[in-house]
Amino acid sequence: MNSESPFIASALRTIEIEHRAVAELLDRIDEHFIKACELILSCHGRVVVIGMGKSGHIGKKIAATLASTGTTAMYVHPAEASHGDIGMITAEDVVLAISNSGTTEEILSLLPVLKRKGIPLISLTGDRQSELAKVASANLDAKVSEEACPLGLAPTSSTTASLVLGDALAMALLEARGFTRDDFALSHPGGNLGRRLLVKVQDVMHSGDAIPSVKTGTLLPEALLEMSGKGFGLTTVIDANGNLLGVFSDGDLRRTIDSGKNIQETIIDDVMSANFKFIDSNALAAEAAKIMQESNVYVLLVKNESQGVAGMLKMHDLLQANVV
């Protein structure tokens with residue numbers, strides 16, 4: 001690293017200043033933070049986040065984080081709220097207002113309406129003596145010693161501190177609600193995590209006539225025809241009641257040939273494998289992938305409650321479903 005570069009020096013100074021700004025927040029998680037959490041948890045509506053300029057951008061991120069972690073939230077632009085959008089905010093909601101100075105005119109102009117509607121107000125400011133901080137039921141203190149901007153003008157440390165406080169609020173609420181990985185997946189059905197947590201074996205398995213199957217007592221040549229016709233590289237072996245007794249795979253065929261057995265006269269019972277990997281149809285597809293990877297198998301059987309074969313699953317099926 002070129003430590004003499006002014007770019008490097010500027011970057012390091014910025015990170016150090018913002019690091020200190022975040023560290024200073026540790027002493028400000030107090031009764032106001034608890035009150036903010038309690039207000040949101042008791043809210044029957046949404047958390048409506050408002051903020052102007054850079055605070056508005058931070059507010060959008062905080063609203064998105066809250067919404068994806070179990071707290072219904074939305075962002076409303078305060079200037080637009082003054083021209084009709086305040087109708088989006090109901091008496092069931094809680095407002096989280098973000099303003100570093102605590103004197104943002106577009107936000108202050110909304111306070112009489114919020115008060116008349118009886119809407120609880122949480123403020124996130126850099127000045128606890130500001131008008132916005134004083135009128136709020138709870139104030140989250142995002143004060144910073146200095147901005148990372150050398151001119152002291154561009155919101156930098158202050159927006160970082162606000163974002164971190166928003167994350168702290170969202171995570172405290174997440175834990176209080178008992179929000180789980182499955183809940184998170186429901187909010188992210190299009191992402192990799194959603195697919196991994198929501199897709200079940202029954203959603204991607206092959207079933208019915210697609211399953212290669214022969215009955216006990218079948219001659220090996222007939223079993224080989226079933227294997228080649230279905231394309232799984234194996235066939236299941238079942239009894240007269242449909243119970244799964246074993247499987248016969250390509251590997252079993254090689255071992256049969258090596259043993260010198262007469263393939264034309266050998267019945268499947270004598271050469272099948274009674275040990276095989278299987279999974280329940282209600283299990284997550286991600287769990288099936290783990291079993292297949294750890295066991296080094298390409299095909300997994302899916303058993304039903306009556307010990308029959310409900311389906312079969314290939315690793316390729318999981319790849320196509322973006323589970324692995």
Side-chain angles (χ1 to χ4, degrees), residues 25 28-128 130-143 158-159 161-179 183-184 187:
L25 296 176
R28 305 202 197 113
I29 305 301
D30 53 16
E31 295 299 320
H32 282 268
F33 187 86
I34 296 174
K35 179 64 174 179
C37 290
E38 291 175 343
L39 283 171
I40 294 173
L41 288 173
S42 62
C43 169
H44 298 295
R46 303 152 300 179
V47 176
V48 179
V49 185
I50 60 176
M52 282 293 295
K54 302 299 187 294
S55 292
H57 295 310
I58 296 300
K60 291 176 183 178
K61 167 58 170 65
I62 291 174
T65 300
L66 288 169
S68 69
T69 54
T71 299
T72 306
M74 62 181 289
Y75 171 79
V76 173
H77 195 290
E80 297 293 340
S82 293
H83 295 275
D85 282 3
I86 198 168
M88 298 179 181
I89 309 174
T90 74
E92 300 293 314
D93 299 330
V94 170
V95 168
L96 171 60
I98 305 173
S99 169
N100 184 47
S101 67
T103 59
T104 303
E105 183 178 349
E106 290 86 350
I107 293 178
L108 296 181
S109 66
L110 300 176
L111 298 183
V113 179
L114 297 178
K115 185 175 181 179
R116 181 172 179 179
K117 287 188 172 185
I119 298 171
L121 175 66
I122 301 168
S123 62
L124 195 162
T125 70
D127 182 359
R128 275 198 160 167
S130 64
E131 182 177 352
L132 181 60
K134 288 181 178 180
V135 300
S137 299
N139 173 253
L140 303 179
D141 188 357
K143 181 181 179 181
S158 58
T159 49
S162 296
L163 183 60
V164 171
L165 266 180
D167 285 343
L169 184 65
M171 295 307 102
L173 295 168
L174 177 151
E175 293 187 33
R177 297 183 192 279
F179 194 78
D183 295 325
F184 188 86
S187 300

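Keep in mind the model is a prediction, meaning the values are calculated, not measured.
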### Message
Can you confirm whether Glu105 is buried at CD, in the sense that more than 12 heavy atoms of other residues, nucleotides or ligands lie under 6.0 Å from that atom?
### Response
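No.
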
### Query
Is it true that atom CD of Glu106 has more than 12 heavy atoms of other residues, nucleotides or ligands lying nearer than 6.0 Å?
yes

To the nearest 0.5 Å, tell me how far [X] [atom1] sits from [Y] [atom2].
X      : Y      : atom1 : atom2 : answer
Leu114 : Ile50  : CG    : CD1   : 6.5 Å
Leu163 : Thr159 : CG    : OG1   : 8.0 Å
Leu165 : Leu124 : CG    : CG    : 5.5 Å
Met52  : His57  : CE    : NE2   : 10.0 Å
Glu92  : Ile119 : CD    : CD1   : 10.0 Å
Asp141 : Leu25  : CG    : CG    : 8.0 Å

### Query
Given Glu38 and Ile34, is the side-chain contact (heavy atoms from CB on, under 4.5 Å) satisfied, shown in steps?
CA-CA 6 Å; Glu38 291 175 343; Ile34 296 174; 3.6 Å; yes

### Intermediate values then yes/no, side-chain contact (heavy atoms from CB on, under 4.5 Å), Val49 and Ile98
CA-CA 8 Å; Val49 185; Ile98 305 173; 3.8 Å; yes

### Message
Checking side-chain polar atoms at under 3.5 Å, does Thr125 have a donor or acceptor matched by the opposite partner on Asn139?
### Response
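Note: Thr125 and Asn139 side chains meet the donor-acceptor criterion.
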
Less than 4.5 Å apart, any side-chain heavy atom of [X] and any of [Y]?
X      : Y      : answer
Val48  : Met88  : no
Leu39  : Ser137 : yes
Thr65  : Lys61  : yes
Thr90  : His44  : no
Ile122 : Lys35  : no
Leu132 : Leu121 : yes
Ser101 : Asp127 : no

Heavy-atom closest pair, residues [X] and [Y]:
X      : Y      : answer
Ala176 : Leu41  : CB-CD1, 3.9 Å
Ser99  : Thr103 : OG-N, 3.6 Å
Val47  : Thr71  : CG2-CG2, 3.7 Å
Ala91  : Lys117 : CB-O, 3.7 Å
Ile62  : Ser162 : CD1-O, 3.8 Å
Lys134 : Arg128 : CG-O, 4.1 Å

### Query
Only one of Glu175, Met171, Arg177 forms a side chain to side chain contact (heavy atoms under 4.5 Å, CB included) with Thr69, so which one is it?
Met171

### Task
Using the side-chain contact (heavy atoms from CB on, under 4.5 Å) rule, take Leu66 and Arg46 through it: C-alpha gap first, then chi angles, then the decisive distance, then the call.
CA-CA 10 Å; Leu66 288 169; Arg46 303 152 300 179; over 6 Å; no

